[in-house]
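The structure displayed is predicted, hence computed values, not measured ones. For reference, positions follow the sequence shown, starting with 1.
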Amino acid sequence: MRGQGGKPTIALGISHTPWVPARVESMARLRRGLGIESSEAGLPLQVPSLVAYREFSERCPNWLWSGEMWRWAAETTATHCLFLQDDDTVAPNFWPALSAMLATVPDQVVSLYNGHPGTMTLAREQARWYTTADGLVGQAYLFPRELLAEFLAWRRYELRPRAFDTIDEDSLIDVWAVHQGRRIWHPVVTLYDHDLSIASSFGNDHHEYRGPAVTWKDGDVLGFSVTDLVAPEWWVGAADDEGRPLRPHLGRFYRNLHWLARTSTRSGLSDDRIDACEDDVCPPAYKRFFTR
């Protein structure tokens, strides 16, 4: 999936709460980091890959604004749909690095959040990616547009009515991934960070894994520079013992989300699928110590 000239094109939606002063300041910082002068400025010429941009700032329940954001993005001409939050910060070379990243996994759901406890171990091994069964977190993520349309159709026809207003944005994507047997891809080095000085809008300030584990800022200790991140070949990374790119699957991220996938969908999950999910655990080399 590629746009004009073989490069990905992006529809960017950002969730913003302008009634919180700290988030107004953070949103201004994020716009500057992305090369967007203001919410009214339209598409910036210095970001040619950005073909659609919108901020979602209406006060309404999570399921309403997220549904509107997804529908808007799916109706654009972009090859990929990127979703950020107003308390994110981004790498100085965010756009070219994102394009290089997508050259490696153009057709996957990418959670830019990489908070798994095994991430730093993987970074030291020079891996560039890992997958999880259900580890997408809503701070920053990306869908191929065609796959987003598939998710929206699933949301409309497969989700039980009572689940619409009880499952948050990111958890719903994870339910879809588990229900459909898809994996979530995570970059070992991510291109955003989460400003933990700003109070969570969802009461998650106590959350042990509230931010990414390894970002572009860690290059000095891991032996890479921000200029390395714009090279597609960098995102291939080290090879495993069989000569394939080292991209381990780290299993379930949440203890009980597969049970939510069973109860919130019309077709549910069979006992065999539940058992398979129970067995989908982190390999010992990257063993997690999750408390959730």
Side-chain angles (χ1 to χ4, degrees), residues 9-47 49-78 80-92 94-95 97-98 109-115 136-143 145 148 151-152 155 164-165 167-174 190-207 209-212 215-216:
T9 56
I10 305 295
L12 171 59
I14 303 179
S15 55
H16 177 36
T17 54
W19 54 90
V20 180
R23 290 182 176 269
V24 173
E25 294 179 11
S26 181
M27 185 70 220
R29 176 184 60 192
L30 179 58
R31 290 190 199 105
R32 290 192 300 270
L34 293 167
I36 299 168
E37 292 185 2
S38 75
S39 59
E40 306 297 331
L43 297 180
L45 296 177
Q46 64 266 37
V47 186
S49 62
L50 188 61
V51 298
Y53 173 68
R54 183 173 166 186
E55 296 173 14
F56 293 82
S57 56
E58 183 178 355
R59 278 184 185 257
C60 59
N62 181 287
W63 68 274
L64 277 177
W65 66 254
S66 60
E68 174 62 21
M69 180 176 68
W70 293 326
R71 284 188 293 270
W72 165 80
E75 291 171 358
T76 68
T77 61
H80 291 79
C81 304
L82 172 66
F83 305 104
L84 301 176
Q85 294 180 346
D86 59 8
D87 54 357
D88 291 339
T89 61
V90 293
F94 179 82
W95 292 111
L98 183 70
V109 177
V110 175
S111 174
L112 293 175
Y113 173 85
N114 62 3
L136 186 139
V137 171
Q139 296 165 13
Y141 63 95
L142 182 144
F143 265 85
R145 183 171 59 86
L148 179 62
F151 162 70
L152 287 173
R155 180 179 183 263
F164 269 92
D165 57 359
I167 304 178
D168 288 340
E169 166 200 12
D170 46 6
S171 295
L172 184 60
I173 297 171
D174 288 325
T190 196
L191 305 176
Y192 88 102
D193 204 356
H194 193 206
D195 188 346
L196 301 184
S197 70
I198 299 175
S200 170
S201 297
F202 300 104
N204 289 329
D205 298 282
H206 65 286
H207 205 300
Y209 305 104
R210 203 176 152 219
T215 76
W216 79 94

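A donor atom on one side chain and an acceptor atom on the other are not found under 3.5 Å apart for Ser26 and Arg23.
When ring centroids are compared, Phe56 and Trp72 come within the 6.0 Å threshold.
For Tyr141, the ring pair (Phe, Tyr, Trp, His ring centres under 6.0 Å) partners two or more places apart in sequence, or in a different chain, are Phe83. Residues forming a side-chain hydrogen bond (donor to acceptor under 3.5 Å, both in side chains) with Glu58 (at least two apart in sequence, or on another chain): none. With sequence neighbours excluded, no residue forms a ring pair (Phe, Tyr, Trp, His ring centres under 6.0 Å) with Tyr192. Every residue meeting the side-chain hydrogen bond (donor to acceptor under 3.5 Å, both in side chains) condition with Asp193, not counting sequence neighbours, appears here in chain and number order: Lys217. For Arg71, there are no side-chain hydrogen bond (donor to acceptor under 3.5 Å, both in side chains) partners two or more places apart in sequence or in a different chain. Shown here are the side-chain hydrogen bond (donor to acceptor under 3.5 Å, both in side chains) partners of Thr215, two or more places apart in sequence or in another chain: there are none.
Residues Arg29 and Asp195 form a side-chain contact, since some pair of their non-hydrogen atoms from C-beta on lies under 4.5 Å apart. Side-chain contact between Leu98 and Leu142 is present, with heavy atoms from C-beta onward closer than 4.5 Å. Within the 4.5 Å cutoff, the side chain of Val47 has heavy atoms near those of the Ser49 side chain. A heavy-atom distance below 4.5 Å is found between the side chains of Thr17 and Asp86.
One distance of note links CD of Gln139 with CG of Leu84; it measures 10.5 Å at 0.5 Å rounding. The structure places CD1 of Ile14 at 11.0 Å from CG of Asp87, a figure rounded to the nearest 0.5 Å. Considering CD of Glu169 and OG of Ser15, their distance stands at 6.0 Å, rounded to 0.5 Å. Expressed to the nearest 0.5 Å, how far CD1 of Ile10 lies from OG1 of Thr76 amounts to 9.5 Å. Atoms CH2 and CZ, from Trp70 and Phe151 in turn, are 4.0 Å apart once rounded to the nearest 0.5 Å.
Side-chain atoms of Trp95 come within 3.5 Å of backbone atoms of Leu34 as a donor-acceptor pair (strictly under, hydrogens ignored). Judged by distance alone, with hydrogens and angles left aside, the side-chain atoms of Gln85 form a donor-acceptor pair with the main-chain N or O of Gly138 at under 3.5 Å. Here the side chain of Arg145 pairs a donor or acceptor atom with the backbone of Ala78 at under 3.5 angstrom. With hydrogens and angles disregarded, a donor-acceptor distance shorter than 3.5 Å links the side chain of Thr190 to the backbone of Leu112. Counting only distance, with no hydrogens or angles, the side chain of Asp88 and the backbone of Leu30 share no donor-acceptor pair below 3.5 Å.
For the pair Asn62 and Ser66, the tightest heavy-atom approach, listed with the atom from each and the gap, is O-OG, 2.8 Å. Across all non-hydrogen atoms, the minimal contact from Ala74 to Cys81 is N-SG, 4.5 Å. For Tyr53 against Ile36, the heavy-atom pair with the smallest separation is CE1-CD1, 3.5 Å.
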Could you walk me through whether Tyr113 and Asp170 pass the side-chain contact (heavy atoms from CB on, under 4.5 Å) check?
CA-CA 11 Å; Tyr113 173 85; Asp170 46 6; over 6 Å; no
Set out, in order, the CA-CA distance, both residues' side-chain angles and the distance that settles side chain to side chain donor-acceptor pair (under 3.5 Å) for His16 and Glu55, then state yes or no.
CA-CA 7 Å; His16 177 36; Glu55 296 173 14; 5.1 Å; no
